[in-house]
Amino acid sequence: PLQEAQWTEEQARILNASRIGGKLLNLSLTTARHPKMMESWNAFGRYVLTESTLPRRDREILILRIGWLTRSDYAFGQHTIVARWIGMSPEEIERITKGPDAPGWTPFESFLIRAADELHADAFITDGTWQGLSAVYNEKQLMDLVMTVGQYSTVCMLTKSLGVQREPGVPGFSVETQEKEKHP
């Protein structure tokens with residue numbers, strides 16, 4: 001991440017517009033090294049997070065699932081906080097790691113998780129999953145679902161490849177989840 005003393009005028013302008021509650025995330029401080037890319041990417045990221053047609057809970061289920069599938073500790077940790085803020089329980093967040101067939105999901109939530117799994121595996125949502133999603137979502141929501149998973153897949157690739165570190169106090173994968181990964 002860039003330190004404030006390193007910022008150019010252009011970086012300062014973009015970063016100051018990227019503050020969340022007065023703070024800057026390490027993701028912003030790292031992507032600011034490429035200001036033109038960051039500014040363009042931020043516009044789309046803002047759309048996905050604040051203007052998308054998806055309900056917040058559905059959006060967070062999708063983001064947490066792609067964070068889990070890509071093993072992005074950064075994205076999973078940041079969105080664990082967001083998910084808690086919108087009312088998701090720790091048990092629901094942990095259940096996301098277990099997949100679409102874990103007990104406790106509604107049928108539609110299972111379709112959401114399955115869609116993220118399919119997009120991650122094949123960049124394609126199968127007909128059965130698409131039909132299940134279409135029973136609830138309209139055309140715009142279906143498009144926003146694909147773009148949300150795509151946007152956060154990119155976030156996950158970027159944070160992992162660039163080694164973006166979680167901010168202090170941001171959880172990563174739980175110890176229990178990490179142990180299950182090591183010893184299934």
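Both backbone and side-chain heavy atoms feed into the values below; hydrogens, waters and symmetry mates do not. Quantities reported herein were computed from a predicted structural model and do not represent experimental measurements.
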Where is the tightest heavy-atom contact between [X] and [Y], given as atom of each residue plus distance?
X: Ile14; Y: Pro35; answer: CD1-O, 3.5 Å
X: Ala116; Y: Ile66; answer: O-CD1, 4.5 Å
X: Gln11; Y: Ala32; answer: NE2-O, 2.8 Å
X: Ser28; Y: Leu15; answer: O-CD2, 3.4 Å
X: Arg84; Y: Pro171; answer: NH1-CG, 4.3 Å
X: Met38; Y: Ser18; answer: CE-OG, 3.5 Å

Would you mind reporting whether [Y] and [X] have side-chain heavy atoms less than 4.5 Å apart?
X: Arg71; Y: Phe76; value: no
X: Trp41; Y: Gln151; value: yes
X: Leu25; Y: Val164; value: no
X: Ile96; Y: Met88; value: yes
X: His120; Y: Val149; value: no
X: Phe108; Y: Asp58; value: yes
X: Trp85; Y: Arg56; value: yes
X: Ile93; Y: Trp68; value: no

Between [atom1] of [X] and [atom2] of [Y], what distance do you get to the nearest 0.5 Å?
X: His34; Y: Leu162; atom1: NE2; atom2: CG; answer: 11.0 Å
X: Ile61; Y: Leu54; atom1: CD1; atom2: CG; answer: 11.0 Å
X: Thr70; Y: Arg65; atom1: OG1; atom2: CZ; answer: 10.5 Å
X: Lys98; Y: Ile113; atom1: NZ; atom2: CD1; answer: 11.5 Å
X: Glu60; Y: Thr80; atom1: CD; atom2: OG1; answer: 9.0 Å
X: Gln131; Y: Asp127; atom1: CD; atom2: CG; answer: 6.0 Å

May I ask you to decide if [Y]'s main-chain N or O and [X]'s side chain share a donor-acceptor pair within less than 3.5 Å?
X: Thr97; Y: Glu94; value: yes
X: Arg95; Y: Gly104; value: yes
X: Asp122; Y: Phe124; value: no

Quiz item: Does atom CE of Met143 have more than 12 heavy-atom neighbours, drawn from other residues, nucleotides or ligands, at distances under 6.0 Å?
Solution: no
Quiz item: Within a reach of under 6.0 Å around CD of Glu9, are more than 12 heavy atoms found that belong to other residues, nucleotides or ligands?
Solution: no
Practice problem: Before giving the answer on side chain to side chain contact (heavy atoms under 4.5 Å, CB included), spell out for Leu145 and Phe111 the whole-Å C-alpha distance, their side-chain angles and the decisive distance to 0.1 Å. | Solution: CA-CA 11 Å; Leu145 180 152; Phe111 282 119; over 6 Å; no
Answer with yes or no whether the hydrophobic clustering places [X] together with [Y]; edges join I, L, V, M, F, W, Y residues whose side-chain heavy atoms lie under 4.5 Å apart.
X: Leu49; Y: Leu158; value: yes
X: Leu112; Y: Trp130; value: yes
X: Ile81; Y: Leu24; value: no
X: Val82; Y: Ile63; value: no
X: Ile20; Y: Val155; value: yes

Practice problem: Verify salt bridge (charged side-chain N to carboxylate O under 4.0 Å, His left out) between Arg13 and Glu39, making sure each step is shown before the conclusion. | Solution: CA-CA 10 Å; Arg13 178 183 55 77; Glu39 193 165 39; 2.6 Å; yes
Do [X] and [Y] have a side chain donor and acceptor closer than 3.5 Å?
X: Trp105; Y: Glu92; answer: no
X: Arg19; Y: Asn16; answer: yes
X: Ser110; Y: Asp101; answer: no
X: Asp144; Y: Tyr137; answer: no
X: Thr53; Y: Gln141; answer: no

Quiz item: Any Lys/Arg nitrogen of Glu109 or Arg57 sitting under 4.0 Å from an Asp/Glu carboxylate oxygen of the other?
Solution: yes
Quiz item: For Met147, what residues pass the side-chain contact (heavy atoms from CB on, under 4.5 Å) criterion, not counting sequence neighbours?
Solution: Phe44
Quiz item: Which residue pairs pass the side-chain hydrogen bond (donor to acceptor under 3.5 Å, both in side chains) test when at least one of the two sits in residues 154-173, sequence neighbours left out?
Solution: Ser72-Thr159, Asp73-Arg166, Tyr74-Glu167, Gln78-Glu167
